[in-house]
Each structure stands twice: as structure tokens, then as C-alpha cells.
Asker: 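What follows is a single structure, and I will ask about it in a moment.
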Amino acid sequence: MYRRTLVALLAGSALGAAARLAADQPVEIRISAKKFEFHPNKVTARRGQPLVLVLTSEDRIHGFKMPDFGVRTDIVPGQETRVSLMPEKPGSFTFFCDVFCGDGHEDMDGTLLIEA
Ligand SMILES: [Cu+2]
């Protein structure tokens, strides 16, 4: 009886640890840039879920700026640019291109939606 309980406890704690580990693993979100859009331009994640944005460009250098997270980077063709984020509050956060890339640049933006 004792032994069975112990095994169950161990299995329970192992499952709990695995679940915690899974929750703490960053989720990768891939976003590609080209004149004059991000794809996807709406991404959704959960509060408290670590994220890695994997940014690529299909044509030229673009910028990626997300002021609410203090994020600013170039996106260079042929490279993956990885940005780690921890969304700690729910809300809708804008990102946009901040490297002038031609007519239409001003409309090159998107939204990260963090759900509670
Ligand atoms: Cu641009």
C-alpha cells in the first residue's frame, strides 16, 4: 500500500514537473517581413508564456520595433533574428517597421495580443 502510494506520488510529481517545464519553454512565433507587411500581422499568446519571435525578411532590411517591450532590431534577409519576450500583462501591443522601406512603409505594422 505504502509502496503504491509512493509510486503514485512520484509519478504525480514527475508529471507536474514535466507540465511546469512545458509551460516554461518559450513558444516560437515566426514573423516574416516584406514590403509593406508583416506576416502574420496579428499574433496571439498567453500572459506568462515566454516567447521567442523569430523574424525574417523576404526582400530587404526592415526594422522591428515594439515599444511596449523595449524591443528594436533590424531584420536582415537571409538571417533569423530572434527576440525573447516575457509577456507579463494582457493587452494589445503594436509592432512596426522603423526602417524606411518605400511608399507604404508607414502602414507596415502588426499586433501582439496577450490574453490573460
Ligand atoms: Cu519599412
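We use all heavy atoms of the structure for the numbers below, so side chains are in, but hydrogens, waters and symmetry mates are not. Each ligand, and each atom within it, is numbered from 1 in the order the structure gives.
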Asker: Which atom name does His105 have for its N/O/S atom nearest to the Cu ion (ligand 1)?
Answerer: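 Atom name returned: ND1.
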Asker: Between the Cu ion (ligand 1) and Val99, is there an N, O or S atom separated by less than 2.8 Å?
Answerer: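 Looking at Val99, which is the residue asked about, there is an N, O or S atom under 2.8 Å from the Cu ion (ligand 1).
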Asker: Verify, without hydrogens or angle tests, whether Ser57 (side chain) and Asp59 (backbone) share a donor-acceptor contact under 3.5 angstrom.
Answerer: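 Yes, the answer is positive, given that a donor and an acceptor are paired below the 3.5 Å cut-off.
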Asker: Are the charged groups of Lys35 and Glu58 less than 4.0 angstrom apart, N to O?
Answerer: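 Result for this pair is no, no salt bridge flagged.
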Asker: Counting backbone and side chain alike, does His62 bring an N/O/S atom below 2.8 Å of the Cu ion (ligand 1)?
Answerer: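 Checking the Cu ion (ligand 1) against His62, no N, O or S atom falls under 2.8 Å.
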Asker: Between OG1 of Thr44 and CD of Gln49, what distance do you get to the nearest 0.5 Å?
Answerer: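 Reported to 0.5 Å precision, the distance equals 13.0 Å.
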Asker: Keeping His62 on the side-chain end and Val76 on the backbone end, is there a donor-acceptor pair under 3.5 Å?
Answerer: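 Pair absent, no side-chain N/O of His62 close to backbone of Val76.
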